[in-house]
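What follows is a single structure, written as structure tokens, with notes after it.
The shown structure was predicted, so the numbers you read here are calculated from the model rather than taken from an experiment.
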Amino acid sequence: PASRLGHGRAIRSLGMAATKEEAKSASLDYSVYFSLVSRLDDDNDKEAGAMFSEAIIDGIQRNPYAAWEWGMVNRVAGDYDAAAEVHR
């Protein structure tokens with residue numbers, strides 16, 4: 001999990017200088033990180049209409065600062081809906 005978070009943070013530190021492709025890669029890294037640090041087993045347990053699985057939500061609750069970073073990366077990637085949901 002630490003390498004995923006480290007890679008995502010390295011790209012996030014570029015700010016708006018990161019390309020959309022880099023930001024999307026970092027967003028995926030954060031998503032995988034939250035799944036790995038979750039206390040739940042299944043990452044495919046999305047409720048109807050939910051953007052994130054329960055495992056990702058649990059991971060977000062374990063590291064809220066990284067969740068804020070993930071939202072910022074989503075903004076750079078142009079995925080404003082995901083950014084808003086993460087920052088909620």
Side chain to side chain contact (heavy atoms under 4.5 Å, CB included) assessment of S31 paired with I56: CA-CA 7 Å; S31 176; I56 289 177; 3.5 Å; yes
So L28 and S25, side chain to side chain contact (heavy atoms under 4.5 Å, CB included) or not? Walk me through it. CA-CA 5 Å; L28 178 63; S25 171; 5.8 Å; no
Please test V76 against M16 for side chain to side chain contact (heavy atoms under 4.5 Å, CB included), starting from the C-alpha separation and ending with a verdict. CA-CA 6 Å; V76 173; M16 296 304 287; 3.7 Å; yes
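Judged as a side-chain hydrogen bond (donor to acceptor under 3.5 Å, both in side chains), the pairs with a partner in residues 55-69 (not counting sequence neighbours) are, in order, R9-E69, Y30-E69, Y33-N63, S38-D58, R39-D58.
To the nearest 0.5 Å, the span separating CG on D29 from CD1 on I11 amounts to 6.5 Å. Atom CD of E22 sits about 8.0 Å away from atom NE2 of H7, to the nearest 0.5 Å. Rounded to the nearest 0.5 angstrom, I60 CD1 and F52 CZ are separated by 6.0 Å.
Listed here is the closest heavy atom pair of A66 and L5: CB-CD1, 3.9 Å. Listed here is the closest heavy atom pair of A23 and V73: O-CG1, 3.0 Å.
Looking at E85 and R88, a side-chain N of the basic residue comes within less than 4.0 Å of a carboxylate O on the acidic one, giving a salt bridge.
When side chains are defined from C-beta on, N74 counts as touching V86, because their heavy atoms get closer than 4.5 Å.
M72 and V32 fall into different hydrophobic clusters, where Ile, Leu, Val, Met, Phe, Trp and Tyr side chains are chained together by heavy-atom contacts under 4.5 Å. If you chain together hydrophobic residues whose side chains sit under 4.5 Å apart, M51 and I57 fall into the same group.
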